[in-house]
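The structure under discussion appears below in the form of structure tokens.
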Amino acid sequence: MSFPLLTATAALPAIGAIATAAVPAARRTAAKWLALLVSLATLALAIAVLVRFDPDGARYQLTESHAWIADFGVRYELGVDGIGVALLALTALLIPFIILAGWHDADPLETGSKRWRPTQGFFALILAVEAMVIISFEATDVFLFYIFFEAMLIPMYFLIGGFGDRAHAGSDEKAAAQRSYAAVKFLLYNLVGGLIMLAAVIGLYVVAGNFSLQAIAEARANGSLDMATNTERWLFLGFFFAFAVKAPLWPLHTWLPNAMGEATAPVAVLITAVVDKVGTFAMLRFCLQLFPEASKWATPVILVLAVISIIYGALLAVGQRDIKRLVAYASISHFGFIIMGIFAMTSQGQSGATLYMVNHGISTAALMLVAGFLISRRGSRLIADYGGVQKVAPVLAGTFLIGGLATLSLPGLAPFVSEFLVLVGTFARYQAIGIIATFGIVLAALYTLVLYQRTMTGPVKPEVSAMPDLRARELLVVAPLVVLLIFLGVYPKPVTDIVNPAVKSTMSDVHKKDPKPEVEAAK
């Protein structure tokens with residue numbers, strides 16, 4: 001029997017979470033190092049998955065299949081395609097940076113504080129989320145996927161509600177109330193989506209007789225499983241609703257600004273750069289593969305919602321006074337681009353959407369983590385409380401600028417390539433939608449440059465005059481992300497080579513071909 005590499009990649013952070021939580025309370029530093037070492041070992045396993053994955057091979061590789069709940073047709077089935085591999089690698093890559101960035105976020109506060117900050121629990125919860133996200137990218141049994149899709153809400157709830165931003169340290173009761181509200185809102189929104197999805201999962205089993213993604217897709221392709229039109233549409237809506245909440249898509253997005261605003265910066269990165277990607281990934285893997293006709297039926301409405309997300313998120317980002325909420329609304333706009341690319345039903349759009357998931361994860365991590373370092377120094381999230389930072393902390397300001405330029409998709413940085421592919425793929429089939437979406441780029445430039453101008457340029461405010469520049473640990477977090485943004489902006493081929501065959505298979509699932517370019521016949 002071959003080594004179960006996919007199981008090991010998900011099991012290692014899960015075991016690490018238990019071990020980290022078990023470290024004695026007096027050994028906080030040991031718990032941090034243990035969590036970091038486990039995350040690095042998980043990254044090594046993810047690299048092994050990348051090395052063993054053959055983009056030109058079978059659609060799902062490194063597969064594992066074992067009986068689990070045989071009476072109900074539930075199996076422990078894992079397998080990765082190019083899209084899953086790319087997002088698995090992104091998750092494993094970001095977690096060590098998240099842990100390093102949050103190195104002191106769960107340290108005890110000053111004597112007499114009413115807040116209890118168990119360091120071991122903070123890092124154990126991060127590893128638990130990593131394990132659940134990774135297995136979500138690997139699961140090819142619908143029921144198995146659903147379990148971890150929902151289970152990841154539990155550690156995220158405690159990370160949001162139990163560990164707040166240091167900017168609130170002076171107001172314990174108010175901060176606790178705001179964190180509690182944000183955590184409960186996050187949980188309720190996602191639980192409602194999950195319960196609707198559970199009904200659809202049960203309906204799928206009634207129709208198909210099993211939960212195997214590959215078996216159901218093959219049965220649909222060869223005609224042995226013929227769903228009634230209305231049945232397929234209702235099942236699609238049940239799945240899509242849950243994924244749209246997780247993504248998040250307008251108008252189901254309102255939990256995200258609260259959650260990112262009240263969480264620590266590393267946890268905010270965990271939400272938007274890691275956890276939310278499960279929603280858009282699942283649209284590609286489950287919605288399009290299991291319900292191809294319903295996906296095409298719903299495409300016009302979804303594209304309208306996506307373009308609303310793009311413009312609405314960008315407009316609200318322009319008007320924000322809170323740095324972290326600005327990044328949250330910018331992410332809503334970016335997720336609109338991802339969902340638009342998925343449902344443009346073109347290979348360029350879907351390749352761009354997958355690449356966008358990876359690039360957005362890196363760029364948002366870079367911008368939000370530097371913003372977190374900035375906020376921890378000043379003790380405020382308000383843009384108006386800053387000014388002239390680039391004169392006293394030039395390295396911090398420079399990395400903040402690169403993260404911001406990546407957010408507005410500047411040519412030469414990674415998000416530009418993915419955003420360009422999404423717009424090209426959308427315009428090829430839906431010109432009006434593509435044209436409207438381009439206004440999101442203009443708004444992105446506005447909110448990013450205004451943010452930089454108000455915080456980093458101008459006269460030095462007295463409150464930031466003694467602000468220290470990035471320290472060695474912080475540079476170790478930010479520098480690799482900046483290098484990746486530049487490298488993938490210049491040379492995205494390593495990622496596109498992995499995801500393109502999977503995108504081609506997805507296009508085949510929905511029986512779509514790229515529209516032929518309209519060229520004038522040669523005279």
Side-chain angles (χ1 to χ4, degrees), residues 80-84 86-88 90 133 136-140 142 145-146 148-150 152 190 193-194 196-197 200-201 204 213 216-217 232-253 256 272 274-310 331-332 334-358 360-361 418 421-422 425-426 430 433 499 502-503 505-510 512:
V80 286
D81 61 0
I83 299 168
L87 295 176
L88 186 156
L90 172 69
V133 170
S136 296
F137 292 141
E138 298 173 343
T140 56
V142 176
F145 169 84
Y146 173 77
F148 289 99
F149 179 81
E150 286 293 276
M152 70 180 70
N190 284 275
I196 292 174
M197 180 182 170
V201 169
L204 180 66
L213 172 67
I216 296 172
E232 181 178 347
R233 290 177 179 179
W234 280 112
L235 294 178
F236 167 85
L237 290 173
F239 277 75
F240 180 80
F241 183 85
F243 303 152
V245 172
K246 184 85 79 179
L249 177 68
W250 184 91
L252 307 171
H253 67 284
L256 183 65
T272 191
V274 176
V275 172
D276 287 354
K277 298 299 186 299
V278 178
T280 47
F281 162 80
M283 291 178 189
L284 277 166
R285 172 166 281 190
F286 296 100
C287 287
L288 269 61
Q289 192 169 344
L290 293 175
F291 315 111
E293 297 305 318
S295 296
K296 290 186 286 187
W297 162 76
T299 287
V301 174
I302 294 172
L303 288 176
V304 170
L305 295 178
V307 82
I308 291 174
S309 287
I310 293 169
S331 290
I332 291 169
H334 295 148
F335 275 103
F337 277 107
I338 293 170
I339 295 169
M340 185 178 74
I342 292 171
F343 285 90
M345 300 295 181
T346 60
S347 58
Q348 299 99 327
Q350 292 186 358
S351 292
T354 306
L355 188 60
Y356 212 135
M357 292 185 227
V358 175
H360 173 264
S418 43
L421 285 173
V422 166
T426 303
Y430 302 98
I433 293 291
V499 304
V503 166
S505 297
T506 304
M507 290 286 291
S508 178
D509 291 334
V510 294
K512 281 282 190 178

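All values below come from the heavy atoms of this structure, side chains included, with hydrogens, waters and symmetry mates left out.
Checked against ring-ring contact (aromatic ring centres under 6.0 Å, His included), Y430 has no partners two or more places apart in sequence or in another chain. Applying the ring-ring contact (aromatic ring centres under 6.0 Å, His included) test to F240 and every residue at least two apart in sequence or in another chain returns F236, F343. Residues passing the side-chain contact (heavy atoms from CB on, under 4.5 Å) test with T272, sequence neighbours excluded: M260, D276, S331, F335, H360, T364. Applying the side-chain contact (heavy atoms from CB on, under 4.5 Å) test to V307 and every residue at least two apart in sequence or in another chain returns I433, I436, A437. Remark: V499 engages A86, T354, V495 in a side-chain contact (heavy atoms from CB on, under 4.5 Å) (not counting sequence neighbours). Contacts of E232 classified as side chain to side chain donor-acceptor pair (under 3.5 Å), with partners at least two apart in sequence or in another chain: R220.
With rounding to the nearest 0.5 angstrom, the CD1 atom of I332 is 11.0 Å from the NE2 atom of H334. We find the CG-CG distance between D81 and L284 to be 9.0 Å, quoted to the nearest 0.5 Å. With values rounded to the nearest 0.5 angstrom, I302 atom CD1 is found 11.5 Å from S309 atom OG. Note that the CZ atom of F239 and the OH atom of Y146 stand 10.0 Å from one another [nearest 0.5 Å].
When side chains are defined from C-beta on, F137 does not count as touching V80, because their heavy atoms never get closer than 4.5 Å. For the pair L87/V278, no side-chain contact is recorded, criterion being any heavy-atom separation below 4.5 Å from C-beta on. By the 4.5 Å heavy-atom criterion applied to side chains, S295 and M345 are counted as neighbours. Annotation: side chain of I338 is not in contact with side chain of V422 (no heavy-atom distance under 4.5 Å). Contact annotation: the side chain of V142 approaches that of L204 to within less than 4.5 Å [non-hydrogen atoms, C-beta and beyond]. A heavy-atom distance below 4.5 Å is found between the side chains of L252 and F241.
Here the side chain of Q348 pairs no donor or acceptor atom with the backbone of L421 at under 3.5 angstrom. A donor-acceptor distance shorter than 3.5 angstrom exists from the side chain of R285 to the backbone of A139, with no hydrogens or angles considered. In terms of modelled atom types and a separation under 3.5 Å, the side chain of S418 and the main chain of G352 share no donor-acceptor contact. A distance-only check finds no donor-acceptor pair linking the side chain of K277 to the backbone of V358 [under 3.5 Å].
Taking the six-membered ring wherever Trp is involved, the centroid distance between the rings of F281 and F243 does not fall below 6.0 Å.
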